[in-house]
Amino acid sequence: MTTISNIDFHCHTNASDGAFSPEQVVQRAFARGLNYLAISDHDLTAGIALAQQEAQRLNTLLLNNDPNAPQETYIKPGSQVIKVDNGTLERSNEQRLLTIIPAAEFSTTWKDEQIHVVALCLDPQHELIKELEADRKVKRKERAIEISKKLELLGFESPYERCCAKAAPGATITRGNYARLIFEDGKANSVDEAFNQYLKRGQKAYVKTQWDSLEHTVESIVKSNAIAILAHPRRYKISNGRLRKLVMAFKDCGGVALEVSSSQQKEDDRNYLTQLCQEYDLMASLGSDFHNEGIYRDLGQNLDLPSVLKPVWHHERARAFNLGPEIAQRVVHITYKGNPAVESA
Ligand code: AMP
Ligand code: MN
Ligand code: MN
Ligand code: MN
C-alpha cells in the first residue's frame, strides 16, 4: 500500500541535483494530483519562477477545459484505490489546480554536522535570501571543483564540467550530481552505492566543508519572513541525544517546524519525530525530497502527517499561498496490484 498526498513541501529540479527541469517536475505534480508543491532546490531559488510559469500555464488549460490540460496518471492498470482522505477520487478541473510554493534547502553546519534547513514560503528577491544564496554559490563551486579533482585522480573524465552540462545553467552541483555521474559511468551499481563508495565521509572523493552556521541561516530565513523547517531530521547520522540538542538549537534561533514525514521513512522514525514536535512545540512539515525517477521517493508519496500535530501550512506566512487551517491534506490510499516493486514502496 502506498499513499499520495496533494501537499508536498520538499523536492528538487535540475537547478540543483534533481534530474528533471522545473517544468517537468510541475507536469509530474499535476499527473500525480498535487495541489501544493514547494520547489526547494539546494541553496538556489532559480528554478522557482520557471515552475510557477509552468503551473500557471497548466492551470489555465484546466480552467479552460482545454483538451491539452494535464491528466492524472498515477492510477496504473491493476492498481486499486482503497480510500481517499478529505476528498474524492474524481475532482473537477478547478479542484486540480496547482500552487507552487517558493522554497530552498540551505546547507548549514551545526557542531561539525551538515544540516539542511528548508526555507518555505520565501521571497527570492529578499536581500537576506539573496545573501544566503550568494554565500553558498561561492562555497559550492569551490567544493564541487575540489571533488571533481579527486574524482579525476580516480580516473573520471571532467566530472565537474559533465555535471554542469547535465544540469541547468548555473545549477548547484552537489554530491548528488556526482553520485549520478559515477553510476552513469558504470563505476557503481547504483547511485546509492556511488555515494557510499566515493562521496561520503571517509571515502576518496570526500571534501569536508564548513557551511554557514545553522543559527545564522535560520535567523536570516526568519528575518526574511520565510518559515524555517529542519529537513529530514532522522537522516543525520547522530544519536537521539544529539538530535534533541539540534532540535533545541534550531528552535532557539527561530526554527518553526520539523519535517516529520518524508517518502521512504520508517514508521518508528515518524513516531519519534512526532514526539519531538510535541515536546518542543514545533509545527510539522512533509516532503518527498524527490530528485529523480524511482519507486521509493516520488512527489506526494507516503507523506502521512500525524493528526495530533499542527501542519506547517497553518503558519500565517502560508496565507500568501492560499494555505491555512481550513486546508485539509487530501490523501489517496492505493495498492499497485500486479506491480510488487511499487507495492512494497
Ligand atoms: P551535498 O549537499 O553536496 O553534501 O550532497 C547531498 C546530496 O547528496 C543529497 O541532497 C542527496 O541528493 C545526495 N545523497 C545523499 N545521500 C545519498 C545516498 N546515500 N545516495 C545517493 N545520493 C545521496
Ligand atoms: Mn539532493
Ligand atoms: Mn537534504
Ligand atoms: Mn532535499
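Starting from 1, each residue takes its place in the sequence as its number. Just follow the structure's listing: the first ligand is 1, and inside any ligand the first atom is 1. Remember, predicted model here, so these are calculated numbers, not experimental data.
Distances shorter than 4.0 angstrom occur between a heavy atom of Gln114 and an atom of ligand 1. Within the structure, the closest approach of Arg235 to ligand 1 does not fall below 4.0 Å when heavy atoms are considered.
Close approach of ligand 1 to His291 (heavy-atom distance below 4.0 Å) involves ligand atoms 10 (O), 12 (O). Taking every non-hydrogen atom of Arg143 and a distance limit under 4.0 Å, the qualifying atoms of ligand 1 come out as 1 (P), 3 (O), 4 (O).
Protein heavy atom closest to atom 13 (C) of ligand 1, with residue, atom name and distance, is Gly176 CA, 3.8 Å. Counting protein heavy atoms only, atom 14 (N) of ligand 1 is closest to Phe195 CE1, 3.4 Å. Of the protein's non-hydrogen atoms, Asp17 OD2, 4.1 Å is the one closest to atom 9 (C) of ligand 1.
Contacts between Asp192 and ligand 1, counted as non-hydrogen atom pairs separated by less than 4.0 Å, involve both the backbone and the side chain.
Not one N/O/S atom of Cys11, from backbone or side chain, sits under 2.8 Å from the Mn ion (ligand 4). Residue His12: no N/O/S atom is found under 2.8 Å from the Mn ion (ligand 2).
Proximity of the aromatic rings of Phe156 and Tyr198 is defined here by a centroid distance below 6.0 angstrom, and this criterion is met.
When atom types are taken as modelled, the side chain of Ser79 and the backbone of Ile75 share no donor-acceptor pair closer than 3.5 angstrom.
Applying the ring-ring contact (aromatic ring centres under 6.0 Å, His included) test to His232 and every residue at least two apart in sequence or in another chain returns His116, Tyr236. By the side chain to side chain contact (heavy atoms under 4.5 Å, CB included) test, Ala257 pairs with Ile229, Met283, Val312, sequence neighbours left out.
Residues Asp269 and Arg234 come closest through the heavy atom pair OD1-NE, 3.1 Å.
In terms of polar-atom proximity, defined here as any N/O pair under 3.5 Å, Ser107 makes no such contact with ligand 1.
Under 4.0 Å is where a charged nitrogen must lie from a carboxylate oxygen, and between Asp289 and Arg235 at least one such pair does.
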Let me see the working for Gln27 and Glu54 under side-chain hydrogen bond (donor to acceptor under 3.5 Å, both in side chains), right down to the final yes or no.
CA-CA 8 Å; Gln27 289 156 16; Glu54 181 66 356; 2.8 Å; yes
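At least one cation-pi condition fails for Lys150 and Tyr206: the charged atom is not both under 6.0 angstrom from the six-membered ring centre and inside a 45 degree cone around its axis.
When the N, O or S atoms of Asp289 are ranked by distance to the Mn ion (ligand 4), OD1 comes first. The closest approach of Glu105 to the Mn ion (ligand 4), by N/O/S atoms, is made by OE1. Checked against the Mn ion (ligand 2), the N, O or S atom of Asp17 at the shortest distance is OD2.
Among Leu44, Thr172, Thr108, the single residue meeting the side chain to side chain contact (heavy atoms under 4.5 Å, CB included) criterion with Arg136 is Thr108.
Of the candidates Arg140, His42, Arg180, His12, Arg140 brings a heavy atom nearest to atom 2 (O) of ligand 1.
Note on ring orientation: taking the six-membered ring where Trp is involved, the planes of Trp313 and Phe9 are perpendicular (angle over 60°, cut-offs 30° and 60°).
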